[in-house]
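Encoded as structure tokens, the structure appears first; notes follow it.
Fair warning: this is a prediction, and the values are worked out from it, not measured in the lab. Just so we're on the same page: letters track the sequence lines, and every chain starts at 1.
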Protein chains: 2
Amino acid sequence: MTDAEQVNIWMRPERPARGPKPAYSRAQITEAAVRIADAEGLEAATMRRIAAEIGAGAMSLYRYVPSRDDLIMLMADRLMGEIDVEGMPSGDWRADLTRYAGELRAMWLRHPWIATAQRALVVFGPNQLRLIERVMGSLDAHVPIDENLALMAILNGYVESAARDEVSWTQEIRRSGLTESEWMARSYPYIQRLVESGEYPIFTKIVTGSRQPHLSRDDQFRYGLERILDCIAAALPADDGISDGDAPAGAAGPR
Amino acid sequence: MTDAEQVNIWMRPERPARGPKPAYSRAQITEAAVRIADAEGLEAATMRRIAAEIGAGAMSLYRYVPSRDDLIMLMADRLMGEIDVEGMPSGDWRADLTRYAGELRAMWLRHPWIATAQRALVVFGPNQLRLIERVMGSLDAHVPIDENLALMAILNGYVESAARDEVSWTQEIRRSGLTESEWMARSYPYIQRLVESGEYPIFTKIVTGSRQPHLSRDDQFRYGLERILDCIAAALPADDGISDGDAPAGAAGPR
DNA sequence: TAGATTCCGGGTACGCTGTACGCAAGTAGT
DNA sequence: ACTACTTGCGTACAGCGTACCCGGAATCTA
């Protein structure tokens, strides 16, 4: 059984029995990589750079991790470990999911590079599995597993795409190397041209409407989240939701 | 005003007045790049490969496009052009958004590499602007622009994250170079170990529950979409929704 | 029509990436 | 002490995006 036969990084043991004691560890390497990615973006976390960060030679990393892609999976799972789901499920599913959503979004904002990682969302590492148990556990008593999956997909989809939107702005600024106001100034002629063409009334509304005060990002997120949770409530059996009103008709569960 | 002062690819004219006639065009280059990315993934669409595809030298592409990143924006906007929103807004917002969502998902499935492109979602190219006008136009009569934005974010977020999930499986298979059943066989020991540990009851439910027939992907998507549309309906003034029932209470619009 | 100007295609080259390979040195099992 | 296997890591390679440069083609000016 060669190494190549392992599809999964989690199956690969960190340390064998024989030989000299390793000078580093997966956790240490992952930590260094996350630190660099947080500060300078995922593309700055090259193998050489990570190795330098911990004082190792570039090729030494490959004693711990089969490839950069696998290292990124380790990084992603490490991030999931930051999400505090202690005490879940608590019995109040709505409170649980609200807390989870907030934690997940906060984690994304702390580590915006997660948006640029390809295999970061479904890694099935230990931390993600713990999340699955805790969070999906909140709805497990109310709905069959298939429906639970569908509802979680909606929730995760909302949080992640909201976070992606917030984060992409940060990334755009970083990439351009400009300050926010410089970026604005550069874009102004284009925006102006679009508005003046008269062909884009809705776009114009967005641009000019955004001069008056908006909801804060946080409020925007919370507003959408409440909608999504209402959505989930409507999918639960009538007596399991908050039931301050009836679920809209025509929203039967799958099958 | 040097080239570097242009932040935006759309501001940069395709052709100047003087000099020899260009042998290629942005559209042709974009087309070739999309063709390669469709067949072999975005990472296969290197500058050299694209140039070879149209019979040009690698560096010639830079006469048409300032960088590979900008080319990817052109590719993304080309994809938006595939989305048929003819006749929108039609007056029936729910029909419009259903059609749009279906078209958007289908486009993602035709071009799975879009998930791996970093700046692909907000490019403000001509095709995306057309989409914005048509699709957001559907709700424009019913809600203020801020609320319209919030609801579109929810809808787009749902479709994109659903598509991302579907697509990531395809990508995983391609990356591994295995067939589906080979991949399954490789993963089996890991799954088995998790199940047998007894620590992951929900995960176990997912895995063992998935032996019986599920909803098809299409049905899954449609089910979630209906939920999201109900969600949107609830945010509209009472007489503007389909109103086969009352909107749930406690779901007032922002501000 | 002659010359100046401007832009085209693309060859060469540079710095960077992930990582295959090999080697000397260190540790455990026998 | 011998064997088996590990360790860290230097070297090397193919491939990437793209800066720079040049000969020639197209157009503008006179």
Side-chain angles (χ1 to χ4, degrees), chain A residues 1-4 6 9 12-26 28-29 32-33 36-37 40-75 113 116-119 175 177, chain B residues 1-4 6 9 12-26 28-29 32-33 36-37 40-75 113 116-119 175 177:
Chain A
M1 178 165 348
T2 76
D3 278 2
Q6 311 278 354
I9 180 84
R12 200 178 281 244
E14 164 131 31
R15 302 199 29 181
R18 300 263 276 279
K21 297 205 170 131
Y24 316 103
S25 71
R26 270 190 195 166
Q28 182 187 2
I29 292 169
I36 295 169
E40 305 167 47
L42 186 60
E43 80 283 355
T46 67
M47 298 305 267
R48 286 170 236 259
R49 181 92 163 64
I50 297 165
E53 179 87 3
I54 61 173
M59 289 311 293
S60 305
L61 301 188
Y62 288 93
R63 294 285 172 198
Y64 300 85
V65 153
S67 73
R68 182 168 185 268
D69 259 23
D70 288 281
L71 174 54
I72 290 174
M73 291 185 74
L74 292 177
M75 295 167 72
W113 52 267
T116 70
Q118 302 307 329
R119 296 157 81 194
R175 204 171 355 231
Chain B
M1 180 172 338
T2 77
D3 279 1
Q6 311 277 354
I9 177 90
R12 199 179 282 245
E14 165 130 32
R15 303 199 30 180
R18 300 262 276 278
K21 296 207 169 129
Y24 316 104
S25 71
R26 271 191 195 165
Q28 183 187 3
I29 292 169
I36 295 169
E40 305 167 48
L42 186 60
E43 78 284 357
T46 66
M47 297 305 267
R48 287 169 235 257
R49 181 92 164 65
I50 297 165
E53 178 87 3
I54 60 173
M59 289 313 294
S60 303
L61 301 189
Y62 289 93
R63 295 283 170 198
Y64 299 86
V65 153
S67 73
R68 182 168 184 268
D69 259 24
D70 288 280
L71 174 55
I72 290 175
M73 290 185 75
L74 291 177
M75 294 167 71
W113 53 266
T116 71
Q118 301 308 327
R119 295 158 80 194
R175 203 170 359 231

Handout entry: Under 4.0 angstrom between A:Tyr24 side-chain N/O and D:dC9 OP1 or OP2
Key = yes
Exercise for the section: Flag the pair A:Gln118 / B:Glu43 as yes when at least one side-chain heavy-atom distance between them is below 4.5 Å, and no otherwise. Expected result: no
Practice task
Starting at atom CG of B:Leu61, determine the distance to atom C1' of C:dG9, rounded to an integer number of angstrom.
Solution key: 11 Å
Problem - Interatomic spacing from CD1 in A:Ile29 to CD1 in A:Ile50 - rounded to 0.5 Å - result: 8.5 Å
Exercise for the section: Take atom CG of A:Leu42 and atom P of C:dT17, then tell me their distance rounded to the nearest Å. Expected result: 13 Å
Problem - Polar side-chain contact A:Arg48-C:dG18 base: donor and acceptor under 3.5 Å - result: yes
Practice task
State which of C:dG9, D:dG17, D:dA25 makes the closest approach to the side chain of B:Pro20.
Solution key: D:dA25
Problem - Nucleotide D:dG8, atom C1' - distance to CD1 of A:Ile29 in whole Å - result: 11 Å
Practice task
Would you mind classifying the nucleic acid contact of B:Ala56 as base, sugar-phosphate or nothing, using non-hydrogen atoms under 4.0 angstrom?
Solution key: sugar-phosphate
Practice task
Name the closest nucleotide to the B:Met59 side chain, picking from D:dA26, C:dA20, D:dA19.
Solution key: D:dA19
Exercise for the section: May I ask you to say what A:Thr46 touches in the nucleic acid, namely base, sugar-phosphate or nothing, with a heavy-atom cut-off under 4.0 Å? Expected result: sugar-phosphate
Practice task
Give a yes or no answer on whether the side chain of A:Arg48 reaches the backbone of A:Ala58 with a donor-acceptor pair at less than 3.5 Å.
Solution key: no
Exercise for the section: Return the 5'-most residue of the pair A:Gly55, B:Arg49 with respect to DNA chain D, ranking by each residue's nearest nucleotide. Expected result: A:Gly55
Problem - Position toward the 5' end of DNA chain C (nearest nucleotide), A:Met47 or B:Lys21 - result: B:Lys21
Fill in the blank from the handout: Quick note, B:Tyr64 side chain, CB onward, closest among C:dG18, C:dC8, D:dC9 is C:dC8
Completion exercise
Against the side chain of A:Ala23, the closest entry in D:dG8, D:dT18, C:dG18 is D:dG8
Practice task
Answer with yes or no whether B:Arg63 presents, from its side chain, a donor or acceptor under 3.5 Å of a partner atom in the base of C:dG9.
Solution key: yes
Exercise for the section: Could you please name the option among D:dT18, C:dG18, C:dC8 that lies closest to any side-chain atom of B:Pro22? Expected result: C:dC8
